[in-house]
Amino acid sequence: MMKKTLQDIFYILLGALIFALGVNYFTIPNHLSEGGILGITIIAHYLFDWSPGVVNFVLNVVLLTVGYKFFEKRTFVYTLISIGACSGFLFLTEDVGRRITEDTFLASIFAGLLVGVGLGLIFRTGGTSGGSTILARLTHQWLGWSMGKGMLVFDLVVVVGSMFIIGLEKTMYTLLIIFIGAKAIDFIVEGLDEKVAVMIISNAPEQVLASITKRMSRGLTVLDGRGGYTGQNREVLYIVINKQELVQLKDIIKETDEHAYVTVHNVHEMLGHGYKASKKSA
């Protein structure tokens, strides 16, 4: 338990450093912005020359003080550490940050990548960066908004507001930063091991089951189904696989029963074990 906690703290600190480098080496030197509390922090720096690290810390601590009761103890502690680390590294690196490139497009790409990777490492531990996450939890509690809707609204409000400070063109580049950052976060949190769930309705379920188990070394779940129109009982096969294995699975199904009905769904998260058959049993 202690080893896992120390490992999580290490990733939070590493993520905070990468996050700060993205802001101080690419975002601010190229007069770009961000969404949420980070965007407000950057705009305050442009307007008043206030330290991004100090402003980020103050704003997030105020929000965390208001919204702490909506976090579990572990998430609260990790969020507090991440706020301190992100703000600290923003402060320590703000004077060493130099414009590495004058190409705004290139700067937007690397700003999004570094900020996204940094936040992704923090999110992967179960912590948050504070900011919009706290505001989203508050609106979820008080207004009934979903977390996604709350974060999107706050990010868009800040981005649109920043347009009056950095101009329309730089605001468009800022949207690119946010998009790339979101993709980078997903990549770090979910990794390359993206899962899909596949449901198979076949007139030859036993043959399909045997072929998949033998050729892919995968276990399947057999569900009892009934046709809504015909009323006919039939078995429905359910399997969760890596997305890279989907082509192979579809080929096997087509070879076994070309008339099989197949649906594919993205899997956001998978917990537990037992989804992969052993090679020995295959």
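Between Ile180 and Gly112, the closest heavy-atom pair is CG2-C, 3.9 Å. Here the closest heavy-atom approach between residue Ala85 and residue Leu13 is recorded as CB-CD2, 3.8 Å. The two atoms that bring Ala44 and Val55 nearest to each other are CB-CG1, 4.4 Å, heavy atoms only. The two residues Ser162 and Ile43 have their closest heavy-atom pair at CB-CD1, 3.6 Å. Across Tyr46 and Thr27, no two heavy atoms sit closer than the pair OH-O, 3.6 Å. In terms of heavy atoms, Val267 sits closest to Ala197 at CG2-N, 3.4 Å.
For the atom pair CD1 (Ile12) and OG (Ser129), the distance works out to 11.0 Å, reported to the nearest 0.5 Å. Residue Glu169 holds its CD atom at 6.5 Å from OG1 of Thr104, rounded to the nearest 0.5 Å. Distance check, rounded to the nearest 0.5 Å: CZ of Arg218 to CD of Glu245 gives 4.0 Å. Of the inter-residue distances, the one linking Asp103 atom CG with Thr101 atom OG1 reads 5.0 Å to the nearest 0.5 angstrom. Between Lys170 atom NZ and Ile165 atom CD1 the span is 13.5 Å, to the nearest 0.5 Å. One distance of note links CD of Glu235 with CD1 of Ile201; it measures 12.0 Å at 0.5 Å rounding.
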### Query
Thr125 and Leu121: side chain to side chain contact (heavy atoms under 4.5 Å, CB included), yes or no, with the steps?
CA-CA 7 Å; Thr125 67; Leu121 288 172; over 6 Å; no

### Query
For Phe187 and Val117, what are the C-alpha separation, side-chain angles and deciding distance, and is it a side chain to side chain contact (heavy atoms under 4.5 Å, CB included)?
CA-CA 8 Å; Phe187 178 80; Val117 169; over 6 Å; no

### Message
Assess the residue pair Arg74 and Asp8 against the criterion (salt bridge (Lys or Arg N to Asp or Glu O under 4.0 Å)); give the C-alpha distance rounded to whole Å, side-chain angles, the decisive distance to 0.1 Å, and a yes or no.
### Response
CA-CA 11 Å; Arg74 176 173 174 272; Asp8 287 344; 3.3 Å; yes

### Message
Run Thr5 and Ile9 through side chain to side chain contact (heavy atoms under 4.5 Å, CB included) and show every step you take.
### Response
CA-CA 6 Å; Thr5 300; Ile9 292 175; 4.1 Å; yes

### Task
Check the pair Ile166 / Leu32 against side chain to side chain contact (heavy atoms under 4.5 Å, CB included), numbers first and verdict last.
CA-CA 7 Å; Ile166 63 176; Leu32 300 168; 5.6 Å; no

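A heavy-atom distance below 4.5 Å is found between the side chains of Glu94 and Pro52. Between Leu176 and Phe105, some side-chain heavy-atom pair lies under the 4.5 Å cut-off. Side-chain contact between Ile42 and Ile28 is present, with heavy atoms from C-beta onward closer than 4.5 Å. At a threshold of 4.5 Å between non-hydrogen side-chain atoms, the residues Asp224 and Asn233 do not count as touching. Here the side chains of Val262 and Met199 are not in contact, with every heavy-atom distance at 4.5 Å or above. Side-chain atoms of Cys86 and Ile122, non-hydrogen and from C-beta on, do get closer than 4.5 Å to each other. A 4.5 Å side-chain heavy-atom check between Ser202 and Ile253 finds every atom pair outside the cut-off. Ile200 has its side chain within reach of Ile212: a pair of non-hydrogen atoms, C-beta onward, lies under 4.5 Å apart.
Heavy atoms from other residues, nucleotides or ligands lying under 6.0 Å from OH of Tyr261 number 12 at most. Residue-environment remark: CZ (Phe89) exceeds the threshold of 12 foreign heavy atoms within 6.0 Å. Atom CZ of Phe154 is surrounded by more than 12 heavy atoms from other residues, nucleotides or ligands within 6.0 Å. Atom CD of Gln248 has more than 12 neighbouring heavy atoms from other residues, nucleotides or ligands inside a 6.0 Å radius. For Tyr173, the OH atom sits in a packed shell: over 12 heavy atoms of surrounding residues, nucleotides or ligands are nearer than 6.0 Å. The neighbour count for Lys4 NZ, taken as heavy atoms of other residues, nucleotides or ligands under 6.0 Å away, is above 12.
When atom types are taken as modelled, the side chain of His45 and the backbone of Ser51 share no donor-acceptor pair closer than 3.5 angstrom. With Thr174 contributing its side chain and Ser33 its backbone, the two residues share a donor-acceptor pair below 3.5 Å. Put simply, the side chain of Asn30 never gets that close to the backbone of Ser108: no donor and acceptor are under 3.5 Å apart. Of the possible polar contacts, one joining the Arg124 side chain to the Ile188 backbone as a donor-acceptor pair under 3.5 Å is found.
Tyr68 and Leu135 fall within the same hydrophobic cluster, where Ile, Leu, Val, Met, Phe, Trp and Tyr residues are linked whenever their side-chain heavy atoms come under 4.5 Å apart, directly or through other members. Linking Ile, Leu, Val, Met, Phe, Trp and Tyr residues whenever their side-chain heavy atoms come within less than 4.5 Å leaves Val153 and Val159 in two separate clusters. With hydrophobic clusters built from ILVMFWY side chains whose heavy atoms lie under 4.5 angstrom apart, Phe10 does not share a cluster with Leu6. The same ILVMFWY cluster, assembled from side-chain heavy atoms under 4.5 Å apart, contains both Leu92 and Val58. Residues Leu38 and Phe164 do not share a hydrophobic cluster, defined by chaining ILVMFWY side chains whose heavy atoms lie under 4.5 Å apart.
Defined by atom type and a distance below 3.5 Å, a donor-acceptor pair is present between the side-chain atoms of Asn56 and Ser87.
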